[in-house]
Amino acid sequence: MKVQTPEWVHHAIFYQIFPDRFYPSIRTTPPAGISFKPWGSPPAEQGYQGGDLRGIVDQLDHLRALGINALYLNPIFASASNHRYHTYDYFQVDPLLGGNEALRELLDEAHAVDIKVVLDGVFNHASRGFWAFHHILENGTASPYIDWFHIHGWPLRPYSYSSSQPMNYEGWWGHAALPKFNTDNPGVRDYLFKVAKHWIDFGIDGWRLDVPADINDDSFWQEFRRIVKGANPEAYIVGEIWHEAQRWLQGDQFDAVMNYFFGKACVSFFARNSLSSDFKHPDYTLESIDARGFANQIDHFLSLYDWQVNLAQLNMLDSHDTPRALNLMGEDKASLKLSVLMQMTMPGAPCVYYGSEIGMTGGGDPDCRGAFPWEKKESWDLDLLDFYHRSISLRRTHKVLRVGEYECLSAADDVFAFQRWMNGSQAIVMFNSSDNQVDFSLTHASFEQRAYYRVWPENTGQIVQVSDGHLNLVLPPRDAVVLVNQSRA
């Protein structure tokens with residue numbers, strides 16, 4: 001089967017938003033008689049701080065100035081949790097986020113400035129408040145929806161259970177609040193496929209799929225793809241898979257996955273002397289690696305998939321499910337900068353977690369889900385913000401950094417170099433992760449008798465000459481050099 005992924009994703013720079021914590025618009029009037037926690041309350045406190053979809057519209061100028069052209073939103077449908085992975089109405093945007101009208105406004109305003117919007121689809125499980133599960137709670141064995149979930153005993157114990165009286169239905173990771181759908185049931189399948197198509201028809205540009213491996217059924221995802229692509233052939237389907245994902249990336253299910261391999265490799269190499277040891281995850285093990293180990297990891301995950309998939313992978317340094325990148329890197333900003341530049345020069349769509357561009361930090365869930373400090377600009381790291389602007393601009397300026405082929409050129413100790421090329425255009429990217437200046441020499445058959453332009457650091461106007469296939473230059477400490485040939489195609 002020929003693999004084809006959406007062309008726009010190859011050129012996308014994503015920005016992930018946790019809606020409750022991004023921005024509370026004064027244009028959204030919450031239902032009377034409710035109150036939110038103060039903006040900026042500690043994220044460990046459960047509850048809602050009032051961010052909404054119109055707030056994203058209000059801050060589109062910030063995102064456009066950053067160079068963002070695609071959004072990935074954590075769940076927005078009606079739910080009884082601030083993260084909204086407990087859906088109780090899949091056809092209704094949560095009223096606390098502004099309802100369906102606010103999503104309509106966001107899509108219209110984002111599309112008007114060429115920004116795509118991808119939503120989080122939680123199709124493995126619902127919530128105790130989902131109408132079909134509630135029907136079972138009220139009617140017991142008399143409910144006709146009993147086979148929509150995996151029920152193992154009566155009476156159901158959705159709130160009160162113990163070792164002697166355990167939970168008696170299946171929930172995601174054993175959570176009673178997240179009853180797992182029985183996706184073998186044709187009614188469940190039809191319902192979820194209608195949800196998927198409804199919001200594509202509404203105008204969203206794709207789905208990020210929450211824990212899709214837990215629906216262990218290729219035919220489900222094949223049909224999901226057929227329906228979504230039938231509604232919009234350019235819709236993006238990206239799955240949350242933390243491990244190798246060849247099964248889902250053969251061209252008949254997902255376009256790509258969240259590339260946690262990429263983030264893990266960057267953190268392990270660029271921050272190898274300052275790694276945090278606090279975060280533990282079976283598929284996100286951090287260990288100090290040198291340039292050769294880093295190159296091997298990059299080569300490995302690029303070798304797993306068709307090139308069309310590699311161009312569409314969601315390359316992330318952090319997310320709502322990990323500590324923030326700065327935290328993982330022991331608060332070492334230099335390591336973050338090197339990782340961001342790697343993100344902006346590699347195959348795949350970079351994804352910036354909201355607030356990373358101003359230096360937001362925090363440990364694992366829920367500490368990684370703090371409120372964006374819009375009213376405390378004195379807390380912003382403006383140097384880091386400028387770095388994000390410049391590195392994103394570098395990617396957007398040079399097409400070869402988005403869709404060019406990839407080849408590792410050198411990897412030893414603290415220095416890692418690769419090239420990207422396409423249609424006569426070539427970029428050479430060299431990283432020095434050490435604290436010392438490095439006199440670097442590179443030889444490759446593709447280095448012709450030509451001049452390369454130094455585009456990073458920018459505005460140097462420096463021309464680097466290659467003689468007899470030899471490239472010699474000085475790499476600054478904890479920095480990178482990017483060279484391109486004359487073409488900017």
Determine whether Asp89 and Trp131 make a side-chain contact, defined as any pair of heavy atoms from C-beta on separated by less than 4.5 Å. no

Kindly say whether Ala235 contributes a backbone atom to a donor-acceptor pair with the side chain of Asp205 at under 3.5 angstrom? no

Between Asp214 and Trp172, do the side chains contain a donor N or O and an acceptor N or O under 3.5 Å apart? yes

Using distance alone, with no hydrogens and no angle criterion, decide if Tyr85 and Asp120 have a side-chain donor and acceptor under 3.5 Å apart. yes

Short side-chain donor-acceptor distance under 3.5 Å, Thr361 and Glu331: yes

Got a second to check how far Asp318's CG is from Phe279's CZ, nearest 0.5 Å? 10.5 Å

Tightest non-hydrogen contact, residues Met167 and Gly174, listed as SD-O, 3.4 Å

Qualifying residue, where the test is side-chain contact (heavy atoms from CB on, under 4.5 Å) with Val3 and the options are Asp306, Asp252, Asp255: Asp306

Measure the spacing between CD1 of Ile17 and CG of Leu106 and express it to the nearest 0.5 Å. 8.0 Å

Hey, is the main chain of Leu401 close enough, under 3.5 Å, to the side chain of Thr345 for a donor-acceptor pair? no

Val117 versus Ile56: any side-chain heavy-atom pair under 4.5 Å? no

Shortest non-hydrogen contact from Asp52 to Leu96? CB-O, 3.9 Å

Counting only N and O atoms by type, is there a donor-acceptor contact under 3.5 Å from the side chain of Thr322 to the main-chain atoms of Ser319? yes

Hey, does Glu458 have a side-chain heavy atom less than 4.5 Å from the side chain of Arg390? yes

Parallel, tilted or perpendicular: ring planes of Phe431 versus Phe270, cut at 30 and 60 degrees: tilted

Between His11 and Arg402, is any side-chain donor less than 3.5 angstrom from a side-chain acceptor? yes

Please state whether the rings of Tyr284 and Tyr260 are parallel, tilted or perpendicular, taking 30° and 60° as the class boundaries. perpendicular

Output field: ring centroids Phe22/Phe372 closer than 6.0 Å: yes

What do the steps show when you test Val267 against Leu275 for side chain to side chain contact (heavy atoms under 4.5 Å, CB included), and what is the final call? CA-CA 8 Å; Val267 174; Leu275 284 176; 3.5 Å; yes

Kindly state whether the ring of Phe193 and the ring of Phe220 have centres lying under 6.0 angstrom apart. yes

Take Glu223 and Arg189 through the salt bridge (charged side-chain N to carboxylate O under 4.0 Å, His left out) test and state the conclusion after the steps. CA-CA 9 Å; Glu223 182 66 5; Arg189 294 169 85 97; over 6 Å; no

Taking Gln16 for the side chain and Tyr72 for the main chain, is one N or O donor matched with an acceptor at less than 3.5 Å? no

Side-chain (Asn69) to main-chain (Ile13) donor-acceptor, under 3.5 angstrom: yes

Mind checking whether Phe224 and Trp221 have parallel, tilted or perpendicular rings, split at 30° and 60°? perpendicular

Side chains of Met342 and Ile298: closer than 4.5 Å at any heavy-atom pair? yes

Could you grab the distance from atom CG of Leu336 to atom CG of Leu317, nearest 0.5 Å is fine? 7.0 Å

Dump the intermediate steps for salt bridge (charged side-chain N to carboxylate O under 4.0 Å, His left out) on Arg208 and Asp210, then the final yes or no. CA-CA 7 Å; Arg208 176 269 187 187; Asp210 184 61; 3.2 Å; yes

Would you check if the side chain of His111 reaches a backbone N or O of Leu107 as a donor-acceptor pair within less than 3.5 Å? yes

To the nearest 0.5 Å, what is the distance between CD (Gln46) and NZ (Lys37)? 9.0 Å

Shortest non-hydrogen contact from Tyr353 to Arg324? CD2-NH1, 3.4 Å

Could you tell me whether a side-chain N or O of Tyr169 sits under 3.5 Å from a main-chain N or O of Ala176, the two making a donor and an acceptor? yes

Is it true that Tyr15 and Glu357 share a donor-acceptor pair across their side chains at a distance under 3.5 Å? yes

Please verify the inter-ring angle class for Tyr90 with Phe130; under 30° counts as parallel, over 60° as perpendicular, anything in between as tilted. perpendicular

Please check if the side chain of Gln49 supplies one atom and the backbone of Ser41 the other of a donor-acceptor pair under 3.5 Å. yes

Whether Arg104 engages the ring of Phe202 as a cation-pi pair (distance to the six-membered ring centre under 6.0 angstrom, angle to the ring normal within 45°) should be assessed. yes

Kindly assign one of parallel, tilted or perpendicular to the pair Phe14 and Trp8, based on the angle between their ring planes and the thresholds 30° and 60°. tilted

Do you know which two heavy atoms are closest between Ile237 and Gln253, and how far apart they sit? CD1-O, 4.1 Å

Parallel, tilted or perpendicular: rings of Phe301 and Phe262 (30°, 60°): perpendicular

Please determine whether side-chain hydrogen bond (donor to acceptor under 3.5 Å, both in side chains) holds for the pair Asn74 and Arg21, giving the CA-CA distance in whole Å, both sets of side-chain angles, and the decisive distance to 0.1 Å. CA-CA 11 Å; Asn74 287 106; Arg21 305 294 163 78; over 6 Å; no

Could you work out, with salt bridge (Lys or Arg N to Asp or Glu O under 4.0 Å) as the rule, every residue matching Asp383, not counting sequence neighbours? Lys333, Lys337

Could you go through the salt bridge (charged side-chain N to carboxylate O under 4.0 Å, His left out) check for Lys116 and Glu234 one step at a time? CA-CA 11 Å; Lys116 305 287 189 182; Glu234 283 294 292; over 6 Å; no

Carefully, step by step, assess Gln343 and Cys266 under the rule side chain to side chain contact (heavy atoms under 4.5 Å, CB included). CA-CA 9 Å; Gln343 204 180 16; Cys266 286; over 6 Å; no

Closest heavy-atom pair and its distance - Ala480, Leu341: CB-CD2, 3.4 Å

Closest heavy-atom pair and its distance - Ser335, Met329: C-SD, 3.6 Å

Nearest 0.5 angstrom please: His389 NE2 to Leu385 CG, how far? 4.0 Å

Flag side-chain contact, heavy atom, 4.5 Å: Glu244 against Leu249: no

Ignoring hydrogens and geometry, is there a side-chain-to-backbone donor-acceptor pair from Asn168 to Arg157 under 3.5 Å? yes

Can Arg395 be said to sit on top of Tyr388's aromatic six-ring, NZ or CZ under 6.0 Å from centre and within 45° of the ring axis? no

